[in-house]
Undergrad: 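The structure follows.
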Amino acid sequence: MTDADVPGAREVVVGVGAGAAGFDHERGGGGPGSSIATTDMVLNVGPQHPATHGVLRLRLTLDGERVVACEPIVGYMHRGVEKLFEVRDYRQIIVLANRHDWLSAFSSELGVVMAVEHMLGMEVPERAVWLRTMLAELNRVLNHLMFLGSYPLEIGAITPMFYAFRERETIQEVMEEVSGGRMHYMFNRVGGLKEDVPAGWTGRVRAAVAAVRSRMPQIEDLVLGNEIFRARTRGIGYLSPELVHAYGVSGPIARASGVDLDLRRDEPYLAYGTLADEGVLEVVTRTEGDSYARYCCLVDQVRVSLALVDACLAHLEDLPPGPVGVRLPKIVKAPEGSTYVWTENPLGLNGYYLVSRGEKTPWRLKLRSASFNNVAVLPHVLTGCVVADMVAVLGSMFFVVGDIDK
Amino acid sequence: MRVPGRGLLTGLAVTWRAMTRRSVTQHYPEVAPDLPPRSRGVIALQEENCTSCMLCARECPAWCISIDSHQEVEPATTEGGRDRSHSVLDSFDIDFSLCMYCSICIEVCPFDALHWSPEFEYAETDIRDLTHGRDRLREWMWTVPPPQPLDPHAVDPKELDAARKAAEADDASGTGP
């Protein structure tokens with residue numbers, strides 16, 4: 001049967017595309033469109049594409065508007081960071097470690113130095129521990145604000161970006177004042193921090209946190225209640241807890257699917273144990289597992305992180321004056337052996353497996369980055385979506401391409 | 001039951017309120033940004049302090065520093081004394097197209113010859129022009145801000161401790177001013 005045989009079929013094909021068959025079937029019809037033979041089309045999204053924020057390539061197989069298969073092709077930004085780690089001493093590794101995920105630089109640095117400290121059995125001064133906790137949480141807020149702005153942008157709302165960036169700038173300023181960098185802080189050292197904070201800085205952090213907290217409802221009002229945003233994201237891109245476990249998905253995405261795992265509470269490092277006992281550290285979870293739930297998780301995590309920063313500030317006030325670092329020998333050598341340290345990075349679990357043969361460089365430093373696993377699950381989440389929802393799902397997986405490709 | 005379109009109106013109310021406030025845009029080329037003293041803008045060189053020991057060039061993870069120097073011999077000033085040799089800096093270049101702004105060179109410098117300056121306006125149209133020699137690095141030295149005082153909960157920097165000890169030693173021996 002050809003198109004010409006059926007009156008009216010022509011309009012359907014022109015209007016919806018070759019996938020009209022699929023749509024017609026969904027509408028419960030065995031109507032004219034349902035009998036048209038269709039051919040799958042392969043569509044490459046990326047590697048350079050405005051909707052993928054980075055060089056991620058998706059090889060989509062489309063049946064009309066439906067995605068029937070999806071294959072993320074990664075590696076366009078592979079810099080061989082694990083190999084580079086092997087020819088650098090531990091201070092130089094920090095330089096590289098804060099670059100694979102450029103939105104969570106501080107937290108990634110933290111993993112490296114904690115691994116080395118663990119190998120050396122080094123005790124970090126209490127003041128450094130609290131400062132690190134606070135800076136890691138500020139970094140988390142910065143990271144989440146980026147996605148809170150960019151995700152609506154990806155599905156067509158440009159306004160929230162400006163609000164998110166205003167808040168980012170407020171926090172960026174205090175981060176820049178303390179570390180000198182806006183992105184690659186380079187503020188961690190084995191045994192503590194590079195230097196102590198400037199006078200009056202804690203007051204400015206408190207003011208920045210209060211300002212961001214007071215303005216967060218604006219982003220929520222702009223986005224969360226918006227009917228268009230809800231229509232584009234609710235029930236879209238469902239990620240089941242089974243898939244989360246199967247693919248090792250972690251971070252806010254996993255928690256939005258009801259997987260209640262947060263290393264800050266479950267395997268406390270830094271000062272998170274105390275903060276959890278005090279009840280400040282609240283693990284945000286959702287059960288819906290769709291794009292909307294993932295976005296809501298980020299919004300609530302910002303709120304929790306800001307509360308954590310305030311709690312850290314209060315603890316820092318009570319601490320006696322003390323150093324923020326351990327005096328190190330000229331050459332730091334991790335003793336022979338191996339260790340695995342993982343941290344709850346803003347985007348998920350970030351692990352460093354450090355093997356040392358007693359040299360000043362590691363024998364092997366394996367990096368487990370969150371985005372890689374979070375993107376690996378995409379074929380399952382995207383299959384069955386329509387092309388227009390592809391971006392809504394992709395954006396809600398909250399990844400950084402540098403963190404995928406390493 | 002939600003009123004349809006209410007979410008949109010709430011959002012519009014936010015933008016309406018924002019419209020009545022002053023914008024937060026920085027007017028960069030007209031108004032210079034107010035950067036904190038620790039800002040890592042560019043590396044400045046205090047040439048007199050440099051002993052061309054090459055520590056910075058060796059520790060740099062990007063190998064972006066190149067130093068050339070030669071030895072000069074100072075004849076002995078006293079009879080039977082030894083000739084003294086010291087190295088003289090010929091060239092000191094930093095390739096800012098490679099620099100990762102990690103501040104390791106500044107940290108390892110034992111004689112405080114390198115400093116961070118918040119200066120950032122040195123963009124070039126040719127990547128080769130991003131290599132800056134000792135003269136340019138020295139010009140930036142005059143833009144290096146004094147370090148900020150530290151938090152009252154911080155311990156004093158080791159330089160301050162050393163200076164205090166030296167002063168005390170002077171007092172004890174009675175040779176001080």
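Hydrogens, waters and symmetry mates play no part in the numbers below; they use all other heavy atoms, side chains included. Naming: A, B, ... by sequence-line order, numbering from 1 per chain. Values in this document were obtained by computation on a predicted structure and should not be read as measured data.
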Undergrad: Looking only at side chains, do B/Ser87 and B/Ser69 share a donor and an acceptor under 3.5 Å apart?
TA: no
Undergrad: Does this structure show an ion pair linking A/Asp196 with A/Arg127, if we count only N-O contacts that are shorter than 4.0 Å?
TA: yes
Undergrad: Heavy-atom distance under 4.5 Å to chain B: side chain of A/Phe187, backbone, both or neither?
TA: side chain
Undergrad: Can you say whether A/Arg182 sits under 4.5 Å from chain B via the side chain, the backbone, both, or neither, judging by heavy atoms?
TA: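 Neither part.
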Undergrad: Under a 4.5 Å heavy-atom cut-off, does chain B meet the side chain of A/Val324, its backbone, both or neither?
TA: neither
Undergrad: Counting only non-hydrogen atoms closer than 4.5 Å, does B/Pro61 touch chain A with its backbone (N, CA, C, O), its side chain (CB onward), both, or neither?
TA: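 Contact with chain A: backbone and side chain both.
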Undergrad: Does a side-chain heavy-atom distance below 4.5 Å link A/Met146 with A/Phe165?
TA: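 Yes, at least one pair of side-chain atoms sits under 4.5 Å.
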Undergrad: Examine B/Arg40 relative to B/Tyr101 and say whether NZ or CZ is less than 6.0 Å from the centre of the six-membered ring and inside a 45° cone about the ring axis.
TA: no
Undergrad: Taking non-hydrogen atoms and a cut-off under 4.5 angstrom, which of residues 104-112 of chain B neighbour chain A?
TA: B/Ile104, B/Glu107, B/Val108
Undergrad: Please state whether the side chain, the backbone, both or neither of A/Phe229 comes within less than 4.5 Å of a heavy atom of chain B.
TA: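 Nothing of A/Phe229, per the 4.5 Å heavy-atom cut-off to chain B.
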Undergrad: Within this structure, what is the CE-SG distance for the pair B/Met54 and B/Cys50, rounded to the nearest 0.5 Å?
TA: 9.5 Å
Undergrad: Answer yes if the side chains of A/Arg99 and A/Ser108 hold a donor-acceptor pair under 3.5 Å, and no otherwise.
TA: no
Undergrad: Is a salt bridge present between B/Glu59 and A/Arg91, judged by a nitrogen-to-oxygen distance below 4.0 Å?
TA: yes
Undergrad: If you tally heavy-atom pairs under 4.5 Å against chain A, which of B/Met100, B/Arg38, B/Gln148 wins?
TA: B/Arg38
Undergrad: Looking at A/Glu227 and B/Arg6, is any side-chain nitrogen of the basic one under 4.0 Å from a carboxylate oxygen of the acidic one?
TA: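 Here B/Arg6 does not pair with A/Glu227 in a salt bridge, since their nearest N and O are not under 4.0 Å apart.
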Undergrad: Using the benzene-type ring in the case of Trp, are the ring centres of B/Tyr28 and B/Phe120 under 6.0 Å apart?
TA: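 Yes, the ring centres sit under 6.0 Å apart.
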Undergrad: Does A/Lys333 pair with A/Asp89 as a salt bridge, N-O distance under 4.0 Å?
TA: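 Not counted as a salt bridge, because no side-chain N and carboxylate O are separated by less than 4.0 Å.
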Undergrad: Strictly less than 4.5 Å between heavy atoms, which residues of residues 311-318 of chain A line up against chain B? Please order them by number.
TA: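 Residues in range: A/Leu316, A/Glu317.
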Undergrad: Taking every heavy-atom pair that is under 4.5 Å apart, which of A/Arg88, A/His184, A/Glu195 has the most such pairs with chain B?
TA: A/Glu195
Undergrad: Heavy-atom distances under 4.5 Å only: say whether A/Arg189 touches chain B with side chain, backbone, both or neither.
TA: side chain
Undergrad: Verify whether one side chain among A/Glu220 and A/Gln218 offers a donor that lies under 3.5 Å from an acceptor in the other.
TA: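 Their side chains do not contain a donor-acceptor pair, so the 3.5 Å distance test is not met.
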Undergrad: Could A/Lys83 and A/Glu86 be called an ion pair, given the rule that one side-chain N must be under 4.0 Å from one carboxylate O?
TA: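 Result for this pair is yes, salt bridge flagged.
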Undergrad: With under 30° as parallel and over 60° as perpendicular, where do the rings of A/His100 and A/Tyr352 fit, or are they tilted in between?
TA: perpendicular
Undergrad: Angle between ring planes, B/His132 versus B/Phe96, binned at 30° and 60°: parallel, tilted or perpendicular?
TA: tilted
Undergrad: Against chain A, label B/Leu12 side chain, backbone, both or neither, depending on which of its atoms sit under 4.5 Å from a heavy atom there.
TA: neither
Undergrad: Below 4.5 Å, heavy-atom pairs only: which of A/Leu96, A/Val87, A/Asp221 has the largest tally toward chain B?
TA: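 Of the options given, most contacts go to A/Asp221.
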Undergrad: Between atom CD of A/Glu109 and atom CG of A/Asn139, what is the distance when rounded to the nearest 0.5 Å?
TA: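 Separation between the atoms: 8.5 Å.
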Undergrad: Checking heavy atoms, do the side chain of A/Lys194, its backbone, both or neither come under 4.5 Å from chain B?
TA: side chain
Undergrad: Among the options A/Gly322, A/Pro323, A/Gly181, pick out the one with the most heavy-atom pairs lying under 4.5 Å from chain B.
TA: A/Gly322
Undergrad: Could you tell me whether B/Asp161 and B/Arg164 make a salt bridge, using a distance below 4.0 angstrom between a side-chain N and a carboxylate O?
TA: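 Salt bridge present between B/Asp161 and B/Arg164.
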Undergrad: Which one of B/Asp156, B/Val24, B/Leu9, B/Thr15 has the most heavy-atom pairs closer than 4.5 Å to chain A?
TA: B/Thr15
